> 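This structure is in structure tokens; I'll ask about it shortly.
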There are 2 protein chains.
Amino acid sequence: MSDKRETPLSTPSLQEHHCTVDLRLEKLGMVPFFQDLPEEQLREVNKKCTANHYSKGETIYRQGDSATMLRVVVAGNVKLAAHTLEGESVLLDMLQPGDFFGNPTARGRDVYSETAETQTSACILSIRLSDFREVMNRYPSVAMAVLDITTDRLNESRQRIQHLSTLPVTKRIAHILVTLGNKFGEKDSRGLLIQLPLSRKDLADMAGTSPATASRIMSQFQNDNLITSGRQWVAINNKAELLRISAK
Amino acid sequence: MSDKRETPLSTPSLQEHHCTVDLRLEKLGMVPFFQDLPEEQLREVNKKCTANHYSKGETIYRQGDSATMLRVVVAGNVKLAAHTLEGESVLLDMLQPGDFFGNPTARGRDVYSETAETQTSACILSIRLSDFREVMNRYPSVAMAVLDITTDRLNESRQRIQHLSTLPVTKRIAHILVTLGNKFGEKDSRGLLIQLPLSRKDLADMAGTSPATASRIMSQFQNDNLITSGRQWVAINNKAELLRISAK
DNA sequence: GTACTAAATTGATCCAGCTCATTTTAGTGC
DNA sequence: GCACTAAAATGAGCTGGATCAATTTAGTAC
């Protein structure tokens, strides 16, 4: 198994295009809630956006910062995390190109309730809240699409509350692996590879457990041939069985 | 303290007006996202609504039912809960007059992911999803108000995830009491009375713990004179201290 | 006031998962 | 290939909170 001797994760090479206008426009059109916008309007929205490039591990904003921007992932991955005073962290969401984050809410004096950090190098579009509000006002379909996504996220979030309250750690982790597989998985010689740097600590922060426990459970899954994993990467070999574990 | 010998909770007497058209219209105007609608439009929306009266403990819809309605609490209280196959339940939200529930999302084939049940006798307005979508399309301010509320709920929900993952039960319950006090509290001879039937089981389902543990913690709070409580009711005597406990 | 019932309290025991500490190993860079 | 480093694995011991079961009590109905 000498092929396990290097990260199977592909690193997005952003240097080349570095968020060109064309790429921005193309990606903007891919964002679910801009899809219905006519080409012309899209260009106008694009003009109001700023593109920023971040390298891996950079902080985009911190919880407590005043929330004046709505952001969209153009390329790369972003994770949203909340930190307690004691230094513990909770991983709230992992984002893909096309996902928005920040606060789409009107209330002016709002602050972010989470910290956004890149997990890979990434290109991020920012649009001022007031500008975005204007777009939503002019195109109700945009507002409704944002509402739909937010509602989905609320439901996911409530499901997670349910899991934290009722399921033992093993089931929670099995469920998380399946979910990540569905969202970030790519078929590969190793199985369904989760295209995302993913440490035991990340997993623990998602499952509400300790890194040690997450590690023990992953070891067990590995013994049972359900997954293959190395440092910061995981591939799923038997999704059906993981699903079964998470449910029963 | 002979006055503790009966529920201090006031029961909404709905029989009298029984959701008259006037009451409906008045309440509809109080709903945050209809506030901006011109009187005339409000009447039109009202025509598309159906009012239903429920007595205490009735189920409005069950998780898994197909989600074709958006609902608004006119009077009384509603709780949203999710149930596991093993019969455990998680309390997701407690609603007040003016709050909406159900699914504001477009996707036709959706089902409710939670069960809605009245906690007191209640009057509920229902509007078909397609009709509500139409209103949002015509009045973007409505869509944006719904989005704002949903975003707030998402943030609350994420905070709860954080608490479940990082705080011990005592702090979680202290926090829940403060929150409920802020939302449902009414000044009273006993202190800040939470105007809501609230059992130890409800509290446990909110905090992600067992009724026994919830009870032990409530006993301790009672010993420390932070709260006064009987069956299904709680009054807060020292909110500041509870807040301190929940934070530190 | 008395009887009744479901809620709440409380005790005793147990274990899933945490903590802390040590060892091993995957992946990188030379 | 070799050296280096941070991630992961793993062992040992401890504990917060669960579970189960018995007892008490608040509130209601008569």
Side-chain angles (χ1 to χ4, degrees), chain A residues 1-11 56-57 84 86-88 90 119 163-174 190 196-224 227-235, chain B residues 1-11 56-57 84 86-90 119 163-174 190 196-223 227-235:
Chain A
M1 278 266 192
S2 64
D3 62 338
K4 269 176 66 182
R5 298 239 120 226
E6 64 188 80
T7 324
L9 300 180
S10 59
T11 17
K56 181 175 174 169
T84 64
E86 282 80 28
E88 293 164 291
V90 176
Q119 268 187 302
H163 287 180
L164 283 169
S165 310
T166 62
L167 300 183
V169 184
T170 306
K171 292 184 185 185
R172 301 204 306 258
I173 292 193
R190 282 166 200 78
L196 204 64
L198 186 71
S199 67
R200 296 295 182 260
K201 170 103 174 41
D202 289 331
L203 225 32
D205 287 348
M206 272 187 274
T209 186
S210 65
T213 298
S215 177
R216 276 182 245 271
I217 289 167
M218 293 294 276
S219 296
Q220 197 205 305
F221 285 166
Q222 198 138 212
N223 277 343
D224 299 347
I227 59 170
T228 313
S229 104
R231 299 192 164 204
Q232 316 243 47
W233 65 267
V234 182
Chain B
M1 276 270 190
S2 62
D3 62 338
K4 270 174 66 181
R5 297 240 121 226
E6 62 188 81
T7 323
L9 299 181
S10 59
T11 18
K56 181 175 172 171
T84 63
E86 280 81 29
E88 292 164 293
S89 50
V90 177
Q119 268 187 301
H163 287 179
L164 282 169
S165 311
T166 61
L167 300 183
V169 185
T170 306
K171 293 185 184 185
R172 300 204 306 256
I173 291 193
R190 283 167 200 78
L196 205 64
L198 187 71
S199 66
R200 296 296 181 261
K201 168 102 175 37
D202 289 332
L203 225 32
D205 287 348
M206 272 187 275
T209 186
S210 66
T213 298
S215 177
R216 276 181 246 271
I217 288 167
M218 293 295 276
S219 296
Q220 196 204 305
F221 285 167
Q222 198 137 214
N223 277 343
I227 60 169
T228 313
S229 101
R231 293 188 171 207
Q232 316 243 47
W233 65 268
V234 182

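What you see is a predicted model; the values in this text were computed from it and never measured. Hydrogens, waters and symmetry mates play no part in the numbers below; they use all other heavy atoms, side chains included. Naming convention: chains lettered A, B, ... in sequence-line order (proteins, then strands); numbering from 1 in each chain.
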> For the atom pair NZ (B:Lys201) and OG (B:Ser89), what is the distance rounded to the nearest 0.5 Å?
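Rounded to the nearest 0.5 Å, the NZ-OG separation comes out at 3.0 Å.
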
> Restricting to pairs with a member in residues 213-223 of chain A, which pass salt bridge (charged side-chain N to carboxylate O under 4.0 Å, His left out), not counting sequence neighbours?
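Every pair satisfying salt bridge (charged side-chain N to carboxylate O under 4.0 Å, His left out) with a residue in residues 213-223 of chain A: there are none.
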
> Rounded to whole Å, please give me the gap between CG in A:Leu198 and P in D:dA7.
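In whole Å, D:dA7 P and A:Leu198 CG are 13 Å from each other.
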
> Looking at A:Arg200 and D:dT10, is any side-chain donor or acceptor paired with a base atom of the opposite kind under 3.5 Å?
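Such a pair does not exist between side chain and base.
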
> Would you mind reading off the distance between B:Leu167 atom CG and D:dG17 atom C1', rounded to a whole angstrom?
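B:Leu167 atom CG is separated from D:dG17 atom C1' by 15 Å.
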
> May I have the distance from A:Arg172 (atom CZ) to C:dC18 (atom C1'), rounded to whole angstrom?
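Computing the A:Arg172:CZ to C:dC18:C1' distance gives 13 Å.
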
> According to a strict under-4.0 Å criterion, is A:Ser215 in side-chain N/O contact with OP1 or OP2 of D:dA9?
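Looking at the OP1 and OP2 atoms of D:dA9, one of them is under 4.0 Å from a side-chain N or O of A:Ser215.
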
> Does C:dG17 have OP1 or OP2 sitting under 4.0 Å from an N or O in the side chain of A:Thr213?
no

> Do any side-chain nitrogens or oxygens of B:Trp233 fall under 4.0 Å of OP1 or OP2 in C:dA7?
no

> Nearest 0.5 angstrom please: A:Thr166 OG1 to A:Lys171 NZ, how far?
8.5 Å

> Rounded to whole Å, how long is the line connecting atom CG of A:Asp202 with atom P of D:dA7?
10 Å

> Is any side-chain nitrogen or oxygen of A:Ser219 closer than 4.0 Å to OP1 or OP2 of D:dA8?
no

> How close or far is atom C1' of C:dT9 from atom CZ of B:Phe221, stated in whole angstroms?
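Value for this atom pair: 16 Å.
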
> Any chance you could measure B:Leu198, atom CG, to B:Met206, atom CE, to the nearest 0.5 Å?
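Nearest 0.5 Å value for the CG-CE distance: 5.0 Å.
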
> Grab the CG-C1' distance between B:Leu203 and D:dG17 for me, whole Å please.
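After rounding, the reported distance stands at 16 Å.
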
> Expressed in angstrom and rounded to an integer, what is the separation of B:Ile217 atom CD1 from D:dG17 atom P?
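Spelled out: CD1 on B:Ile217 to P on D:dG17 is 7 Å.
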
> Would you classify B:Ser199 as touching base, sugar-phosphate or nothing, given that sugar-phosphate means primed atoms plus P, OP1 and OP2, and contacts are heavy atoms under 4.0 Å?
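Counting heavy atoms under 4.0 Å across all strands, the contact made by B:Ser199 is with sugar-phosphate only.
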
> Should the side chain of A:Arg216 and the base of D:dG11 be counted as holding a donor-acceptor pair, with the cut-off at 3.5 Å?
yes

> Would you indicate which nucleotide in D:dA18, C:dG17, C:dA7 comes nearest to any side-chain atom of A:Pro168?
C:dG17

> Does a donor on one side chain and an acceptor on the other come within less than 3.5 Å for A:Arg200 and A:Ser229?
yes

> Confirm from the modelled atom types if B:Arg231 and C:dA6 form a donor-acceptor pair under 3.5 Å, side chain to base only.
yes

> Starting at NZ of B:Lys171 and ending at C1' of D:dG16, how long is that distance when rounded to a whole Å?
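Rounding to the nearest Å, NZ of B:Lys171 and C1' of D:dG16 are 14 Å apart.
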
